[in-house]
Amino acid sequence: MNNSGRSSVRWRIVVVYSMLFFVVMALVSVFLVNRIENYQLSSLKENITNTVTESNLPTSLGGYASLTPNSAQIQQTLDYSWSSFTEELSVVDSSLNICASTNENLIGRSAADVFDSGIIASCLLTGKECESDTESSGNIPVKNLCYAIKNGSITTGVVYVRADLSSINSFVAQSKLIFIQAIAIALVVTFILGSVLASSITRPINDVTNTVQKMSAGDFSEGVSVKSDDEIGQLAQMFNLLREKLDFTLSEISNEKNKLSTILTYMADGLVAIDLEGNIIHANPAARHMLDIDQDEDLSRRDYNSILGHISENMQLSRIKGNCEYEGGQDIFFTENRVFAVRYDRFKDEDGKDIGIIIIMQDITERQKLEDMQKDFVANVSHELKTPLTTVKSYTETLMDGAVDDPEVAQSFLEIIDNETDRMTRLVKDLLQLSRLDHRQEKMNFSEGDSVRLVKMCITKMDITAQQKQQQLNAMFGDPGQIRVNMDKDRMEQVLMNVLSNAIKYTQEGGRIDVDILKNGGKVLVTVSDNGIGMSAEELPRIFERFYRVDKARSRSMGGTGLGLAITKQIVEEHQGTIEAESSPGKGTKFTITLPISKHKGIPNIE
Ligand code: ADP
C-alpha cells in the first residue's frame, strides 16, 4: 500500500501548492509588467506634452495665420530650439502638409502618407490634444501625439510628435523576461519547499498507515511518533490512544479466548457446538474422545448427524432443533459400552438471533455403575441379613411350637440359631469395617514390623484348621531374615488370615496350601497358593467385589460373608500395596500380596 505515485497526497499538495504559486506569481507579474509599461508610456507622453506645452511652440506657431507660407521660419525655429529634442517633431498645416520637421526627410511631404492622419484630423477638428499608437514605415512601434496650433479660435495646424517606443518595449520585454526567470526560480524553490511541507504533513499519515499495516498483521508494539502539537500531532496522539485501547481490548479478548480454550480443552464434559445447518463449529477433546473421533481430525467436513445424530433418534438434528425452539433439551444415550447424559440449548449472536446449538455430554458410565452397585449392595445386605433372620425366626417358632420340650431337638435348634446369629454378627462387623475403610475412619496403627515373622505366625494359627481338613499348610521359605514393612500389624494379620482361610475353605480335604515370602526390589511378595477348586477367568476379576461369591451356597455354608476379599483389598491398598489372584478351575488359586519394604532401618522388632 505504498502510495508514492502521482495520486499520493504528498504529490498533490506539491502540485497544487506550486500551481497556486505559479498562478499568483503570473498574475502579479502580468500586473506589474502592465503597470511598468503604462508608467513608461504615460511618463513619455507627459514628458513630451510638458516639453511641447512649456516651450510655447503651439502658441507661438498660432501667431501665423497660415503655416505653410512660413515654413522656412518655422523650420528655423525647430532647428534652433528642438535639435536636441529626442523625439521626432513636425509641424503640419491644416491641409496636412508637413511644413517643418526635426526629421528633414519629412519636410514638404504629405502627413497623410507618413503620419496617422486620423488623429491629425480629429485634433484639427476638436482643437484638442490627440494621440495614437502605430508603427513607423520601418515597423518600429511609435507613439503619435498631436497638439493643436490655434490662431484665435481657428486651428491652423498641429504639432505632431512621433516618439519611438522600441526602447520602452524592449524594457518591458526585458522586465517580462526577468519576471519569467524569477517565477521559474521561485517555482523550483516552491516545489522544494512544497515537498518539505507536504512530507511534514504526509509523514505522520504514512507512519499511521505503516503502523496500521503492522497492526493488521497483529503487531501492536510500535506507535506513531508524535512530533508536533498541531492537528497532525493530535491525530497521531489520538491514533496512539486508539492503538493502546485496541491492543488492550484485543489482548483481553485473546486472554478470554485462551481461558475459554483451556476450559474447553480440559473440561471433563464433552462439548460440541454446531450451527443451525448442522455443521460442526467445535468439538472439545473430551467430546472427541467420547465420540471416538480422532483428536486431530478436521471436523469442518463432517456434519452433526454423522457424529452424534446417528446415535439415537432423539439426538437427530431436526429433533434437537425442535426441542431448542422453546427451551433446551436433555437426553441419555448409550454407545457400545458407555452411557452419556446430554444437555443442549441454542446460542445466540449479539442481536439475539439463534445461530447454533451447544451440546454438553457427560460420561455417566461410572456414576451409573456406582448407582447400580449401591442398589446391588443394598439388595445384597438385605438378602444376607434376611436369610439368617428367616432361619432364626423359623427355628424360634418351631421351638415355641413345642420343640423346646425335646431337649435334643431344642439343643440342635439353639445351636443353629446361635450360628446364624454369629453369622449376622460377622456380617454386621464386616459391613461396619468396610464402611469405616470407605470413609477412612478405620484407625490404622502403622509401625515397622517384620513381615516374615507375621506370615509365620499366621501359618501357625491356621495350621490347626488346615489339619482338620487333612491339608498341608507349607511355609515354602527358608530363612529370608527380616523383611521390614511399615504396617498395621492387626490389619495385616486379618489380611493374611483371610487369604489363608479362603485357601483352606476352597480346597478339598487332603489338599495342599503353600505360602511363600520373598523380596523383589523394594517390595515384599507374599504368595498363598492352593490346589483347591479354583475359579474361571470370568469370575476372577469379580472376587474383590462386595458380596461376590463364586458359589453362594458353598460360601455361606462355610460361614463366609462375601466381604472378606473386599476388606482385604482395601486394607492392602491402605498399605500402598496390591493384591492379585491367578486361578484355574479345578487346579487351584494363587494370591499374591505385594507391600513396599520399609526404607528406614528401624529398631529390630520385639514382637
Ligand atoms: P467369602 O466370605 O465368601 O469367602 P471372600 O470375599 O473372602 O468371601 O471371597 C469371595 C469369593 O472368592 C469366595 O466366595 C470364593 O468363591 C472365591 N474365593 C476366594 N478365595 C478362593 C480360593 N482360594 N479358591 C477358590 N475360590 C476362592
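Everything numeric here is computed off the predicted structure, so don't read it as measured data.
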Visitor: List the steps, then state whether side-chain hydrogen bond (donor to acceptor under 3.5 Å, both in side chains) holds for Q576 with N486.
Guide: CA-CA 10 Å; Q576 319 301 325; N486 192 27; over 6 Å; no
Visitor: Whether the side chain of K469 engages the backbone of I504 through a donor-acceptor N/O pair (distance < 3.5 Å, no angle test) should be reported.
Guide: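 Here the side-chain-to-backbone pair exists.
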Visitor: Between F377 and F547, how do the two ring planes meet: parallel, tilted or perpendicular, split at 30° and 60°?
Guide: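 Taking F547 first and then F377, their aromatic rings sit tilted (interplane angle of 30° to 60°).
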Visitor: Between R288 and D294, does any side-chain N to carboxylate O distance fall below 4.0 Å?
Guide: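 Not counted as a salt bridge, because no side-chain N and carboxylate O are separated by less than 4.0 Å.
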Visitor: Surrounding CZ of F248 (heavy atoms of other residues, nucleotides or ligands, distance under 6.0 Å), is the total greater than 12?
Guide: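 Counting other residues, nucleotides and ligands, CZ of F248 stays at 12 neighbours or fewer.
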Visitor: Does CZ in R343 sit with more than 12 non-hydrogen atoms of other residues, nucleotides or ligands closer than 6.0 Å?
Guide: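 No, because the 6.0 Å sphere around CZ of R343 holds 12 heavy atoms or fewer from other groups.
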Visitor: Please examine the side chains of N240 and M238, heavy atoms only from C-beta on, and report whether any two atoms are closer than 4.5 Å.
Guide: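 A side-chain contact is absent here, since even the closest heavy-atom pair is not under 4.5 Å.
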Visitor: NZ of K257 to OG of S254: how many Å apart, nearest 0.5 Å?
Guide: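 Reported value, rounded in 0.5 Å steps: 7.5 Å.
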Visitor: Using the side-chain hydrogen bond (donor to acceptor under 3.5 Å, both in side chains) rule, take N279 and D275 through it: C-alpha gap first, then chi angles, then the decisive distance, then the call.
Guide: CA-CA 5 Å; N279 300 311; D275 65 16; 3.0 Å; yes
Visitor: Taking the side chain as every heavy atom from C-beta outward, state whether H282 and V272 have any atom pair closer than 4.5 Å.
Guide: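 Answer no - side chains too far apart.
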Visitor: Does any part of the side chain of I359, heavy atoms only, come nearer than 4.5 Å to the side chain of Y304, both counted from C-beta?
Guide: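 A side-chain contact exists here, since the closest heavy-atom pair is under 4.5 Å.
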Visitor: Decide if atom NZ of K348 counts as having more than 12 heavy atoms of other residues, nucleotides or ligands within a radius under 6.0 Å.
Guide: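 Yes.
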Visitor: So how far is it from I513 CD1 to T589 OG1, rounded to the nearest 0.5 Å?
Guide: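 Output value for this atom pair is 10.5 Å.
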Visitor: So, do T391 and I416 sit near enough that their side-chain heavy atoms are less than 4.5 Å apart?
Guide: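 In contact.
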Visitor: Which distance, rounded to the nearest 0.5 Å, do you find between the NZ of K489 and the CE of M457?
Guide: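 Answer for the NZ-CE pair, K489 versus M457, is 4.5 Å.
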Visitor: From M492 CE over to E574 CD, what is the distance, rounded to the nearest 0.5 angstrom?
Guide: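 Reported value, rounded in 0.5 Å steps: 10.0 Å.
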Visitor: Would you sort out whether F220 and E244 count as a side chain to side chain contact (heavy atoms under 4.5 Å, CB included), showing the intermediate values?
Guide: CA-CA 8 Å; F220 285 84; E244 274 166 29; over 6 Å; no
Visitor: Quick one: closest heavy-atom pair of M535 and V550, and the distance?
Guide: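 Between these two residues, the closest heavy atoms are CG-CG2, 3.7 Å.
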Visitor: Check whether H310 reaches the backbone of N305 with its side chain - one donor and one acceptor, N or O, closer than 3.5 Å.
Guide: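 A pair under 3.5 Å: yes.
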Visitor: So do F591 and L565 actually touch side chain to side chain, heavy atoms under 4.5 Å?
Guide: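 L565 reaches F591 side chain to side chain.
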Visitor: Would you please say whether a donor-acceptor pair under 3.5 Å links the side chains of N314 and D331?
Guide: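 A pair is found: one side chain offers a donor N or O, the other an acceptor, under 3.5 Å apart.
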Visitor: Decide side chain to side chain contact (heavy atoms under 4.5 Å, CB included) for L496 and V526; before the verdict, give the C-alpha distance in whole Å, the side-chain angles of both, and the deciding distance to 0.1 Å.
Guide: CA-CA 9 Å; L496 291 170; V526 180; 3.9 Å; yes
Visitor: Checking side-chain polar atoms at under 3.5 Å, does S598 have a donor or acceptor matched by the opposite partner on E448?
Guide: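 Distance-only check passes for S598 and E448.
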Visitor: Output yes when E420 and R423 qualify as a salt bridge under the 4.0 Å nitrogen-oxygen rule, no when they do not.
Guide: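 Result for this pair is yes, salt bridge flagged.
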Visitor: Minimum heavy-atom separation for A198 and V14, please, with both atom names.
Guide: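 Minimum heavy-atom separation between A198 and V14: CB-CG2, 3.9 Å.
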Visitor: Would you say D514 and S529 are linked by a side-chain donor-acceptor pair, where the criterion is simply a distance under 3.5 Å?
Guide: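 Distance-only check fails for S529 and D514.
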Visitor: Please verify the inter-ring angle class for F340 with F333; under 30° counts as parallel, over 60° as perpendicular, anything in between as tilted.
Guide: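 The arrangement is tilted - the two ring planes meet at 30° to 60°.
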Visitor: Check whether more than 12 heavy atoms from other residues, nucleotides or ligands sit under 6.0 Å from atom NZ of K523, and answer yes or no.
Guide: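 No, because the 6.0 Å sphere around NZ of K523 holds 12 heavy atoms or fewer from other groups.
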Visitor: For K587 and N531, indicate whether the former's side chain and the latter's backbone hold a donor-acceptor pair under 3.5 Å.
Guide: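 No, K587 side chain to N531 backbone: no donor-acceptor pair under 3.5 Å.
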Visitor: Using only atom types and a distance under 3.5 Å, with no angle test, would you say the side chain of H383 pairs donor to acceptor with the backbone of A379?
Guide: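 No; zero donor-acceptor contacts below 3.5 Å.
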Visitor: Answer yes or no: is there a donor N or O on one side and an acceptor on the other, between the side chain of N380 and the main chain of D376, under 3.5 Å?
Guide: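 At least one qualifying donor-acceptor pair exists.
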Visitor: If you define the side chain from C-beta out and look only at heavy atoms, does anything of L308 sit under 4.5 Å from M361?
Guide: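 Yes, their side chains come closer than 4.5 Å.
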Visitor: Between I355 and F347, is any pair of side-chain heavy atoms under 4.5 Å apart?
Guide: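 Result yes, sub-4.5 Å side-chain heavy-atom pair found.
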Visitor: Between R484 and D450, does the salt bridge (Lys or Arg N to Asp or Glu O under 4.0 Å) criterion hold? Intermediate values first, please.
Guide: CA-CA 4 Å; R484 301 188 70 79; D450 181 12; 5.9 Å; no
Visitor: Looking only at side-chain N and O atoms, does T249 offer a donor or acceptor that is under 3.5 Å from a partner on E252?
Guide: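 There is no such pair between these side chains.
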Visitor: Verify, without hydrogens or angle tests, whether D298 (side chain) and S300 (backbone) share a donor-acceptor contact under 3.5 angstrom.
Guide: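 Yes, because the side chain of D298 sits within donor-acceptor range (under 3.5 Å) of the backbone of S300.
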Visitor: If you round to the nearest 0.5 Å, how far is CD1 of I543 from NZ of K569?
Guide: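 So the NZ of K569 and the CD1 of I543 are separated by 10.5 Å.
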Visitor: Surrounding CE of M267 (heavy atoms of other residues, nucleotides or ligands, distance under 6.0 Å), is the total greater than 12?
Guide: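 Atom CE in M267 is packed in, count exceeds 12.
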Visitor: Quick check: closest heavy atoms across I597 and V524, and the distance to 0.1 Å?
Guide: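 What the structure gives for the nearest pair is CG1-N, 3.7 Å.
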Visitor: Please lay out, stage by stage, how R546 and D430 fare under the test salt bridge (Lys or Arg N to Asp or Glu O under 4.0 Å).
Guide: CA-CA 11 Å; R546 291 161 197 202; D430 281 358; over 6 Å; no
Visitor: Please check if atom CD in E313 has more than 12 non-hydrogen atoms from other residues, nucleotides or ligands closer than 6.0 Å.
Guide: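 Counting other residues, nucleotides and ligands, CD of E313 stays at 12 neighbours or fewer.
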Visitor: Is the closest side-chain donor-acceptor distance between N210 and E222 under 3.5 Å?
Guide: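 Checked: N210/E222 side chains show no N/O donor-acceptor pair below 3.5 Å.
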Visitor: Show the numbers, then the answer: is there a side chain to side chain contact (heavy atoms under 4.5 Å, CB included) between V381 and L431?
Guide: CA-CA 9 Å; V381 171; L431 279 172; 3.9 Å; yes
Visitor: Closest approach of A341 and I332, non-hydrogen atoms and distance?
Guide: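 Result for this residue pair: CA-CG1, 4.2 Å.
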Visitor: Once you round to the nearest 0.5 Å, how far does OG1 of T398 lie from NZ of K393?
Guide: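 Here the interatomic distance stands at 10.5 Å.
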Visitor: Quick check: do I571 and Q433 have side-chain heavy atoms less than 4.5 Å from each other?
Guide: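 Yes; the side chains approach each other to less than 4.5 Å.
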Visitor: Give a yes or no on this: more than 12 heavy atoms of other residues, nucleotides or ligands lie within 6.0 Å of atom OH of Y506.
Guide: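 Buried by this count: over 12 neighbours within 6.0 Å.
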Visitor: Around E231, counting heavy atoms of other residues, nucleotides and ligands shown, do more than 12 lie under 6.0 Å from its CD?
Guide: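 No.
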Visitor: Which heavy atom in D488 sits nearest to a heavy atom in F446, and how many Å separate them?
Guide: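 The answer is N-CD2, 3.8 Å.
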Visitor: Would M462 and L473 satisfy side chain to side chain contact (heavy atoms under 4.5 Å, CB included), going step by step from the backbone distance to the final call?
Guide: CA-CA 8 Å; M462 291 309 289; L473 183 53; 3.9 Å; yes
Visitor: Pair E256, K259 - check salt bridge (Lys or Arg N to Asp or Glu O under 4.0 Å), show working.
Guide: CA-CA 5 Å; E256 284 302 313; K259 220 193 288 173; 3.2 Å; yes
Visitor: Between the side chain of R338 and the main-chain N/O of T365, is any donor-acceptor distance below 3.5 Å?
Guide: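 Flag not set: sc R338 to bb T365 has no pair under 3.5 Å.
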Visitor: Look at E297 together with R302 and state whether they make a salt bridge at an N to O cut-off of under 4.0 Å.
Guide: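 Looking at E297 and R302, the cut-off is met.
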Visitor: Quick check: does any side chain N or O of H289 sit under 3.5 Å from a backbone N or O of P285, one acting as donor and the other as acceptor?
Guide: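 Not at all, since once roles are kept as given, no pair shorter than 3.5 Å links the two residues.
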